[in-house]
Amino acid sequence: MAATKPRSSSFSRNLSAVPSSQTPGVKCGLNGTMFVSSGIPDLDKILGGGFPLGSLVMVMEDAEAPHHMLLLRNFMSQGLVHNQPLFYASPAKDPRAFLGTLPSPSTSKDEKPRGSVPEQEKGLRIAWQYKKYMPENQPNFDSQSNNKQVYCNDFDLRKPLERHYHSAQRVDCVSIQDSTNFIALKDRCATFLAQFPRNDANSSCTGRIAIQSFCALQCEHSNMEWDMLSFIKSMKGMIRSSNAVAVITFPPSLLSLSSSKRWQHLADTLLSVGAIPDEDKELAKLLAGYQDMVGFLNIHKVARINTQVPVILDATTFSIKLHKRRFLVLECINQAPVDGSSGSSYGTSSSCSSGSSKTGTLDF
């Protein structure tokens, strides 16, 4: 009697298509999604684990302040600490000099910026036997002293990253200032991403691409909007079939409205940063903790790979703060107490005003 072959489904999951969760700096999420850290613990928690492998992250810059550089520096430093190859493109003449400004991970001797329970976890009460299964408790950020074993580090913006991290052969830098087209940049990116094929079962490493200020003024690409759009579409296709993540920052004010909307549509994860006006008395009255803020982070879109379930965030706008002027912290915006004429407060703060006003009162 002939042996019966086991029946296999054409919809079986390809387990070799993604790297193992044992890979340093990679975390397994739902539906087989693999994440790499953004370099900011608060942002990883907000996004549900970090940046998914195979995704394109775009950050809209603010012309008033270079807050996008904070996100880019932490993203690049986290990859170098995890020994992940990095490709960096910049409009500067010498992009490798930028590596000297990357922050260093904090050590056990440094003061940790999170001594208390995070704002997102306040009010959460869960049985101890189930708490270990919560996603935020799987990678322990503070209990491990070896930086290479930590999924996301706290980076000290006052301490530069040690030279041995970015002087290795795993960092590729290129200047796009004098480029007349994007063919050379596309070829460099394709060559870099060829090291991390998604269908390679032996692939145990991930890569990161960081492109700073795409379409900046010094690049003189203002009349090449369709060429830039074509490059971003090609980049998204190459990223999707590789074990890598690409972060592109761009100033939307230098693009036409239609081009800016197309760029935003192509992003898997879309963020924007904003500056805080100096001595804005009205805003200082409206927001609690205004004096400690250095900027705003807006989350417009969150990447959803291997699922059709949308992400519903508790908040989409967060304040950017520097704890002790060293550590980057994101917090929900709390609206200061207001009187009855201004409507109800819809921040996360539960404080209420008990004073009187000419227009109305709120007494509790």
Report task. Mark yes or no: Lys186 above the aromatic ring of Phe231, with NZ or CZ under 6.0 Å from the six-membered ring centre and no more than 45 degrees from the axis. Result -> no
Query - Met238 to Cys189 - nearest heavy-atom pair and separation - result: CE-CB, 4.3 Å
Query raised in the report: Can you list the residues that meet the side chain to side chain contact (heavy atoms under 4.5 Å, CB included) rule with Pro252, with sequence neighbours excluded?
Result: Met60, Phe250, Ser260
Requested in this report: Might you confirm whether atom NE2 of His164 has over 12 heavy atoms from other residues, nucleotides or ligands at distances under 6.0 Å?
Outcome: yes
Query raised in the report: For the atom pair OG1 (Thr101) and CG (Leu157), what is the distance rounded to the nearest 0.5 Å?
Result: 10.5 Å
**Report entry** Distance-only donor-acceptor check, side chains His300 and Ser272, under 3.5 Å
**Finding:** yes
Query raised in the report: In this structure, are over 12 heavy atoms from other groups packed under 6.0 Å from Leu30 atom CG?
Result: no
Requested in this report: Tell me yes or no: between the side chains of Thr249 and Gln212, is some donor less than 3.5 Å from an acceptor?
Outcome: no
Query - Spacing of Phe182 atom CZ and Arg188 atom CZ [to the nearest 0.5 Å] - result: 15.0 Å
**Report entry** Residues which pass side chain to side chain contact (heavy atoms under 4.5 Å, CB included) with Pro160, listed by chain and number, not counting sequence neighbours
**Finding:** none
Report summary line: Taking every heavy atom of Gly48 against every heavy atom of Phe35, the minimum-distance pair comes out as O-CZ, 3.9 Å
Query raised in the report: So, Asp156 side chain and Arg158 main chain: donor-acceptor pair closer than 3.5 Å or not?
Result: yes
Query raised in the report: Distance from Asn153 atom CG to Ile40 atom CD1, nearest 0.5 Å?
Result: 12.5 Å
Report task. Using only heavy-atom distances, determine whether the side chains of Ser259 and Glu225 contain a donor-acceptor pair under 3.5 Å. Result -> yes
Report task. Applying side-chain hydrogen bond (donor to acceptor under 3.5 Å, both in side chains), run through Asp44 and Ser37 and close with a yes or a no. Result -> CA-CA 6 Å; Asp44 287 347; Ser37 174; 2.6 Å; yes
Requested in this report: Indicate the atoms forming the closest heavy-atom contact of Pro251 with Phe214, along with that distance.
Outcome: CD-O, 3.3 Å
**Report entry** Chi angles and distances behind the side-chain contact (heavy atoms from CB on, under 4.5 Å) call for Leu161, Leu80
**Finding:** CA-CA 9 Å; Leu161 190 65; Leu80 295 179; 3.8 Å; yes
Query raised in the report: Checking Arg208 against Phe75: charged group under 6.0 Å from the ring centre and within 45 degrees of the axis?
Result: yes
Query raised in the report: If you take all heavy atoms of Leu266 and Leu56, which pair is closest and at what distance?
Result: O-CD2, 4.0 Å
Query - Pair Tyr88 and Phe192, ring centroids less than 6.0 Å apart - result: no
Requested in this report: Give the minimum heavy-atom separation between Val273 and Asp62, together with the two atoms involved.
Outcome: O-CB, 3.3 Å
Report task. In sequence, state the C-alpha distance, the side-chain angles, and the governing distance for Ile211 and Val247, and then conclude on side-chain contact (heavy atoms from CB on, under 4.5 Å). Result -> CA-CA 6 Å; Ile211 300 179; Val247 174; over 6 Å; no
Query raised in the report: Salt bridge or not for Lys301 and Asp268, using N-O below 4.0 Å?
Result: no
Query raised in the report: Do we see a donor-acceptor contact under 3.5 Å between the side chains of Thr317 and Asn298?
Result: yes
Query raised in the report: In Å and rounded to the nearest 0.5 Å, what is the CG to CZ distance from Leu71 to Arg73?
Result: 11.0 Å
Requested in this report: Determine the minimum heavy-atom distance between Ala210 and Leu72, stating which atoms define it.
Outcome: CB-CD1, 3.9 Å
Report task. Check the side chains of Gln78 and Ser38 for a donor-acceptor pair under 3.5 angstrom, ignoring hydrogens and angles. Result -> no
